[in-house]
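This report refers to the structure that appears directly beneath it.
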There are 2 protein chains.
Amino acid sequence: MSGARRKVNNTHDSEILRGLHAAIIDLVEEINRPSRDERLVAEAGIPLDRALFPLLASVARYGPVGVVEVADRTGRDHTTISRQMTKLEELGLIERRASATDKRVREATVSAKGQKMVTALDAARERLANRILVSWTDAELDDLRRLLRRFADDLMR
Amino acid sequence: MSGARRKVNNTHDSEILRGLHAAIIDLVEEINRPSRDERLVAEAGIPLDRALFPLLASVARYGPVGVVEVADRTGRDHTTISRQMTKLEELGLIERRASATDKRVREATVSAKGQKMVTALDAARERLANRILVSWTDAELDDLRRLLRRFADDLMR
DNA sequence: GCTCAATATGTGCATATTACACATTGATTC
DNA sequence: GAATCAATGTGTAATATGCACATATTGAGC
């Protein structure tokens, strides 16, 4: 960059943006498809309510976390998350206890049983991915990863 | 390629796959966030039920389409789509009539009013995108578009 | 220390979203 | 043309979600 004038892109090529949007919509709808979760569950050999999936993943990724933090991340009401966390706890997939520093917060972490399920799901996902992505090189995948990471960060910023 | 041995990738670098998955999850959750639709609706100055959004877009993109085709695309039950299509029709955003070639199918197309809304939403989305993507060059965006298009196609195949 | 606004969690109730069972109508197969 | 399949729709129930409100705890200001 040095002293060079950095071009600021106030407007982008409409055609590129539309194509990008179409690809995003296709991806999101494919990921949201209930049958995908079912296939993943079948591959992992594990039963889990569809709505609880992202929650368990969120606790595994960010735990220990409280209800409000998870609610903020997912954009849903905290009461919804509260109920679903209770379900996860009843299923023995997460454990909760009052935080040492703030007794209002009931920190959630994945239990041993929950971790086993997360690990099984990760492995199943990787097997499915490898089956789907045979035509990709690692370099191409890493390009996509890097660009998508940047895009998601800009979106969330 | 020519005569060169094309390497088939039965397994990819786990770290790349995990990073890619994390980016995808972040993107999908960001897109699914209800507040995004609200912001878009506010930007476009148009009121539309959150659940009807993707449906109107689907009709606009693939129309004329029947209930079952849309249901297959979105992965939801056809009865759900049937009711939502009825709502869209009552709102005057789509029009339906029996197909000439198959009278079982009630082909749906966007109405003039619906098209106006789709256009307004597209414009609003583009404005928001340009605001978010100032640090991107068109070439980078096109790279992302191309890779994501290929990825989504492989996923849907 | 005391008061008060802000924060984290949870419950009661209403609504929204969705699916399953079943019916109807039209197409297709043999 | 009888049997079967496909597209659409209705009745009903289950699930998911949000809003209003309540409780417990924290932290800020006095």
Side-chain angles (χ1 to χ4, degrees), chain A residues 28-29 31-38 41 47-59 62-91 94-109, chain B residues 28-29 31-38 41 47-59 62-91 94-109:
Chain A
V28 169
E29 294 200 334
I31 299 287
N32 282 339
R33 194 174 289 258
S35 58
R36 279 201 76 76
D37 291 338
E38 286 160 21
V41 161
L48 180 55
D49 233 1
R50 182 162 58 90
L52 302 182
F53 252 87
L55 225 39
L56 179 61
S58 199
V59 174
Y62 298 107
V65 282
V67 167
V68 168
E69 182 177 346
V70 175
D72 285 344
R73 287 191 188 285
T74 58
R76 277 173 299 178
D77 197 86
H78 76 273
T79 60
T80 301
I81 305 298
S82 174
R83 281 175 243 263
Q84 291 176 338
M85 294 273 264
T86 302
K87 272 192 202 169
L88 278 181
E89 194 176 22
E90 285 167 355
L91 291 170
I94 66 171
E95 289 161 354
R96 291 197 288 179
R97 55 166 195 178
S99 161
T101 58
D102 186 340
K103 273 185 283 193
R104 291 171 305 178
V105 180
R106 295 221 293 147
E107 291 176 336
T109 49
Chain B
V28 169
E29 294 200 334
I31 299 287
N32 282 339
R33 195 174 288 258
S35 58
R36 281 200 76 76
D37 290 340
E38 286 160 22
V41 160
L48 181 57
D49 234 1
R50 183 163 56 91
L52 302 181
F53 251 87
L55 223 42
L56 180 60
S58 198
V59 174
Y62 298 108
V65 281
V67 167
V68 168
E69 182 177 344
V70 175
D72 285 344
R73 287 190 188 286
T74 59
R76 279 174 296 178
D77 196 87
H78 77 274
T79 61
T80 301
I81 305 299
S82 174
R83 280 175 242 262
Q84 291 176 337
M85 294 272 265
T86 301
K87 273 193 200 167
L88 278 181
E89 194 176 21
E90 284 167 355
L91 290 170
I94 65 171
E95 289 161 354
R96 292 198 287 180
R97 55 167 196 178
S99 160
T101 58
D102 186 339
K103 274 186 282 194
R104 290 172 305 180
V105 180
R106 294 221 293 146
E107 291 176 336
T109 49

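Chain letters run A, B, ... following the sequence lines, proteins first, then strands; residues in each count from 1. These numbers were taken from a predicted model, which means no experiment stands behind them.
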Return all side-chain donor-acceptor pairs below 3.5 angstrom for residues 79-89 of chain B, not counting sequence neighbours, or 'none' if the list is empty.
unit_1	atom_1	unit_2	atom_2	d
B:T79	OG1	B:D77	OD2	2.6
B:T86	OG1	B:S82	O	2.9
B:E89	OE1	B:R96	NE	3.2
B:E89	OE1	B:R96	NH2	3.1

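In 5' to 3' order, the nucleotides of DNA chain D bounding all contacts with chain A (an atom under 4.0 Å from a heavy atom) are D:dA16 to D:dT26.
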Please produce a list of atom pairs where a protein N or O lies less than 3.5 Å from an N or O of nucleotides 15-17 of chain C.
none

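Proximity of a side-chain donor or acceptor of A:D49 to a complementary backbone N or O of A:A51 within less than 3.5 Å is not detected.
A heavy-atom distance below 4.5 Å is found between the side chains of A:L91 and A:L52.
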Protein-proximity profile, nucleotides 1-11 of chain C, B/S/- by nucleotide at the 4.0 Å heavy-atom cutoff, equals -----BBSBBB
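Residue pairs meeting the salt bridge (Lys or Arg N to Asp or Glu O under 4.0 Å) criterion with at least one member in residues 62-74 of chain B, sequence neighbours excluded: B:E69-B:R73.
If you take NZ of B:K103 and P of C:dT25, they are 13 Å apart, rounded to a whole angstrom.
Judged as a side chain to side chain contact (heavy atoms under 4.5 Å, CB included), and not counting sequence neighbours, the contacts of B:E95 are B:T109, B:S111.
Across every non-hydrogen atom of B:P34 and A:G75, the tightest pair is CD-O, 3.7 Å.
Atoms CD1 and CD1, from B:I31 and A:I31 in turn, are 12.5 Å apart once rounded to the nearest 0.5 Å.
Among A:V105, A:I94, A:V70, the single residue meeting the side-chain contact (heavy atoms from CB on, under 4.5 Å) criterion with A:V65 is A:V70.
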